[in-house]
There are 2 protein chains.
Amino acid sequence: MATINDVAKLAGVSKSTVSHVFNNTKFTSDGVKRRVLAAAKELNYKSNYYAKTLATNQSQVIGIQLDSPTGSLDMFQQKVINSILKICTEKEYYLLLMPNFSERHDYFPIDGLILMNPKIQDTQAVETPHIWLGRPSQAIIDTSYYVDNDNQAMMKQLTQLLLTKVKTGILFINAADDMTVSQDREKGFREALTDDTNYYHINYNRQISQAAFAYEVLNNMWPTHNLDTIIVDNDVMAQGVYKFATENQLNIPADLAVIAISESLEASEFFSPTLSCVDLKEAQLGETIATNLIHLINDVKIPKQATITTDIKIKDSLR
Amino acid sequence: MATINDVAKLAGVSKSTVSHVFNNTKFTSDGVKRRVLAAAKELNYKSNYYAKTLATNQSQVIGIQLDSPTGSLDMFQQKVINSILKICTEKEYYLLLMPNFSERHDYFPIDGLILMNPKIQDTQAVETPHIWLGRPSQAIIDTSYYVDNDNQAMMKQLTQLLLTKVKTGILFINAADDMTVSQDREKGFREALTDDTNYYHINYNRQISQAAFAYEVLNNMWPTHNLDTIIVDNDVMAQGVYKFATENQLNIPADLAVIAISESLEASEFFSPTLSCVDLKEAQLGETIATNLIHLINDVKIPKQATITTDIKIKDSLR
DNA sequence: CTGTTAGCGCTTTCAG
DNA sequence: CTGAAAGCGCTAACAG
């Protein structure tokens, strides 16, 4: 790899001049500029990122802390990451995946950090500029920036809407119980319930696949609980519900109305009947969080909190 | 942030001694070691990654080149990345996402590179140690390392298996035609066909969603082509097929047998009837490619090519 | 066993 | 307008 010295030599100028023409940090005569650029092209010169970073103390990398112990991403996260990546690239930032299970003894000095899926037990402070995706735990919420869906409001609205149709009982299969998002959605759910509602709420247990979990729950509860409406956390769970319905010759939505919150598969149209779901606007979440973080890094003021409004999409599984 | 100098001063030793105790690169007396470590802890010292990299010319980062112009990953890629990430973390490598639509003017000197989804037109040489996921184009195959599925063999075997059941006609909805994997699968498909097979082959056009594409193709061809068996590239396409079947009151598998090649949704059990598919062993692909690349970086000899054997899983959609 | 010192490649004063 | 030189924080000979 050619260095700045090689270019300087070839162009017959000094190191610093080369640096200046590349960074536009001082006026350079046209002739010099041309010579430098030509030399650079000839040698296929690209500035060494590490040397530059060391000198400037600006890494242009944004880290994304993955919460999963296995390093595995769910569909929701992937969609968000895709749109973060898009913004980062536009703004010339690198995106580094940082599984949190690695406690390294060296220190990759990122300019900013995105934290995914806050848990209720996440209470440690972070020194780098950072933004949470989702509501952080109460312990740190006052000092944190975050971007979140309107989970509680959405869930309340959704439940109220369903209650106009529920005849016998409603079941909500929520995400795992250590996530703040589950708490918020449960809160919204309960807010909407009336005194005489026959309702059930259960959290995903992470023991088996989501589809299998939904299937099992239904299998256990259906005979004895008099249900006719079910809200599941996502469309993968919905597949378990559909399977249960098919096997037990239940008609969706007549016998069992179903709606999924997160449409990760982009395939709700291809469920039969088509699956109602809530559009969480993953792309918008990602865009907002990345844009805000870059602002934060560059000392541009941003709001402590941004809310991305979801969109309830009623389809055949609910009519 | 505390530097190595601060630690040295506090511990009353020299810079290089500190460096040595941290890198275990020379024997240091127990007393010194303790003092240094204590000082480091007190100052919360972590070595500056960039300085270290500049000095050693070893970044400990592996880049992953995403082929998509939008930066979007499909499910197959995501699964593979997850398992790459797992290995990288174990081996203390960072993973950097590198969308190929970014032409930056600085140069992030990664130690190794993973290239996804080779296209037939990918013929440029790469200087960093790198491994392809999938077969690279003929132009560069002799000089490239790669890890791939046994696509051609699998497809031949699968087709032969289906031909024992096909009564009228077989349709293969393949991935996009500029991918080497599509070529290999098509080759295997054709190898298995006999003279009197009534077959059709079509590539995904990337214009509409995969599910919609499969649905449309079937919609157009079904009335006039006398089909009873269909192979689709993945389970998302299969959703389109199932929808078509439901709407036209076709029984799967009696009227239309279906098998998907890539099971990205992990939900084949939750199709009704359960969806036959080919297990591409994404985790194994990722693990192999990451492990091999790290070997390559460290001058450990590895085979030019590794093949991960797929597994055809027959379920109700084919019985 | 420990300290001195010369770089790694680049940026950035400061003189010319 | 251009160049010389110091320094970013660390590693790795080389001396002692």
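Everything numeric in this text was worked out from a predicted model, so none of it was measured. Quick note on labels: first sequence line is chain A, next is B, and so on, each numbered from 1.
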Trainee: Side chain of A:Ala51 only, please: which of C:dC10, D:dT2, C:dT2 is the nearest?
Mentor: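 So the side chain of A:Ala51 is nearest to C:dC10.
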Trainee: Using rotation axes that map the C1' atoms of four end pairs onto the next four (five pairs an end), what angle separates the end axes of the helix from C:dC1-D:dG16 to C:dG16-D:dC1, to 10°?
Mentor: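 Axis angle across the helix from C:dC1-D:dG16 to C:dG16-D:dC1, nearest 10°: 40°.
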Trainee: Quick one: pull up CD1 in B:Ile289 and CG in B:Leu115 and give me the separation to the nearest 0.5 Å.
Mentor: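 One finds 8.0 Å between CD1 of B:Ile289 and CG of B:Leu115.
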Trainee: For a quick test of reading the model: is some side-chain N or O of A:Thr17 closer than 4.0 Å to OP1 or OP2 of D:dT2?
Mentor: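 A:Thr17 to D:dT2 OP1/OP2: no side-chain N or O under 4.0 Å.
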Trainee: Relative to the 5' end of DNA chain D, which residue comes earlier, B:Ser16 or A:Lys15, by the nucleotide with the nearest heavy atom?
Mentor: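 Final value for this comparison: A:Lys15.
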Trainee: Whole Å only: how far is the CG atom of B:Asn57 from the P atom of C:dC8?
Mentor: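 About 11 Å, once rounded to whole Å.
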Trainee: Quick one: B:Asn23 CG to D:dA13 P, roughly how many Å, whole number?
Mentor: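 To the nearest whole Å, that distance equals 13 Å.
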Trainee: What is the separation between atom CZ on A:Phe27 and atom P on D:dG3, rounded to the nearest whole Å?
Mentor: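 So the CZ-P distance, A:Phe27 to D:dG3, works out to 15 Å.
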Trainee: In whole angstroms, how far is the C1' atom of D:dG3 from the CZ atom of A:Arg35?
Mentor: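 Spelled out: CZ on A:Arg35 to C1' on D:dG3 is 13 Å.
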Trainee: If you pin B:His20 and A:Asn5 to their nearest nucleotides in DNA chain C, which one's is more 5'?
Mentor: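 It is B:His20, whose closest nucleotide lies nearer the 5' terminus.
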Trainee: Report the distance from atom CG of B:Asn5 to atom OH of B:Tyr45, rounding to the nearest 0.5 Å.
Mentor: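 One finds 9.0 Å between CG of B:Asn5 and OH of B:Tyr45.
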Trainee: Answer yes or no: does a side-chain N or O of B:Tyr49 lie under 4.0 Å from OP1 or OP2 of D:dC8?
Mentor: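 Negative; the distance criterion is not met.
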Trainee: Applying salt bridge (Lys or Arg N to Asp or Glu O under 4.0 Å), which residue pairs with at least one partner in residues 280-289 of chain B are found, sequence neighbours left out?
Mentor: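 For residues 280-289 of chain B: B:Lys79-B:Glu282, B:Lys86-B:Glu287.
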Trainee: Just call it for B:Thr3: base, sugar-phosphate, or nothing, with non-hydrogen atoms closer than 4.0 Å on any strand.
Mentor: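 The answer is sugar-phosphate, as B:Thr3 gets under 4.0 Å only of primed atoms, P, OP1 or OP2.
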Trainee: If only side-chain N and O atoms of B:Asn48 are considered, is one of them under 4.0 Å from the OP1 or OP2 phosphate oxygen of D:dC8?
Mentor: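 For D:dC8, neither OP1 nor OP2 has a side-chain N or O of B:Asn48 closer than 4.0 Å.
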Trainee: Roughly, in whole Å, what's the span from CD in A:Gln58 to P in D:dC8?
Mentor: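 Interatomic distance, CD of A:Gln58 to P of D:dC8: 17 Å.
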Trainee: Looking across every strand, which nucleic acid part, if any, lies under 4.0 Å from B:Thr25 by heavy atom: base, sugar-phosphate, or nothing?
Mentor: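 Nothing, no heavy atom under 4.0 Å.
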Trainee: Atom NZ of A:Lys26 to atom P of C:dT13: distance rounded to whole Å?
Mentor: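 Value for this atom pair: 8 Å.
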Trainee: Can I get a per-line list of side-chain donor-acceptor pairs under 3.5 Å for residues 143-150 of chain A, giving both atom names and the distance, sequence neighbours left out?
Mentor:
{"unit_1": "A:Thr143", "atom_1": "OG1", "unit_2": "A:Ile140", "atom_2": "O", "d": "3.1"}
{"unit_1": "A:Ser144", "atom_1": "OG", "unit_2": "A:Ile140", "atom_2": "O", "d": "2.7"}
{"unit_1": "A:Tyr146", "atom_1": "OH", "unit_2": "A:Gln305", "atom_2": "NE2", "d": "3.4"}
{"unit_1": "A:Asp148", "atom_1": "OD1", "unit_2": "A:Asn151", "atom_2": "ND2", "d": "3.3"}
{"unit_1": "A:Asp148", "atom_1": "OD2", "unit_2": "A:Arg135", "atom_2": "N", "d": "3.4"}
{"unit_1": "A:Asn149", "atom_1": "ND2", "unit_2": "A:Leu280", "atom_2": "O", "d": "3.1"}
{"unit_1": "A:Asn149", "atom_1": "ND2", "unit_2": "A:Ile308", "atom_2": "O", "d": "3.2"}
{"unit_1": "A:Asp150", "atom_1": "OD1", "unit_2": "A:Thr310", "atom_2": "N", "d": "3.2"}
{"unit_1": "A:Asp150", "atom_1": "OD1", "unit_2": "A:Thr310", "atom_2": "OG1", "d": "2.9"}

Trainee: Has A:Ser14 got a side-chain N or O lying under 4.0 Å from the OP1 or OP2 atom of D:dG3?
Mentor: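 Answer yes for this pair, as a side-chain N or O of A:Ser14 is under 4.0 Å from OP1 or OP2.
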Trainee: Aromatic contact between B:Tyr94 and B:Tyr49, with the criterion being ring centroids under 6.0 Å apart: yes or no?
Mentor: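 Yes: the rings meet the under 6.0 Å criterion.
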Trainee: NZ of B:Lys52 versus P of D:dC10: gap in Å, rounded?
Mentor: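 Nearest whole value for this atom pair: 9 Å.
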Trainee: Starting the side chain at C-beta, find the nucleotide from D:dT2, D:dG9, C:dC10 nearest to A:Ile4.
Mentor: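 Closest of the options to the side chain of A:Ile4: C:dC10.
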Trainee: Looking only at non-hydrogen atoms, find the nearest pair between A:Lys52 and A:Ser47 and report the distance.
Mentor: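 Nearest heavy atoms, A:Lys52 then A:Ser47: CD-OG, 4.0 Å.
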Trainee: Compare side-chain N and O positions of B:Tyr45 against OP1 and OP2 of D:dC10 and report whether any pair is under 4.0 Å apart.
Mentor: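 True: B:Tyr45 side-chain N/O within range (under 4.0 Å) of D:dC10 OP1/OP2.
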Trainee: If you compare all heavy atoms of A:Ala51 against all heavy atoms of B:Leu54, which two are closest, and at what distance to 0.1 Å?
Mentor: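 Distance-wise, the nearest heavy atoms are CB-CD1, 3.7 Å.
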Trainee: Is there a donor-acceptor contact under 3.5 Å from the side chain of A:Ser83 to the main chain of A:Ala283?
Mentor: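 Side chain of A:Ser83 to backbone of A:Ala283: a pair is present.
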Trainee: What does A:Val18 touch in the nucleic acid at a heavy-atom separation under 4.0 angstrom: a base, only the sugar-phosphate, or nothing?
Mentor: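 Result for A:Val18 = nothing.
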Trainee: Roughly, in whole Å, what's the span from NZ in A:Lys46 to P in C:dC10?
Mentor: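 Those two atoms, NZ and P, are 13 Å apart.
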Trainee: Which sits closer to the 5' end of DNA chain D, A:Ser29 or B:Ala55, going by the nucleotide each is nearest to?
Mentor: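 So the residue in question is A:Ser29.
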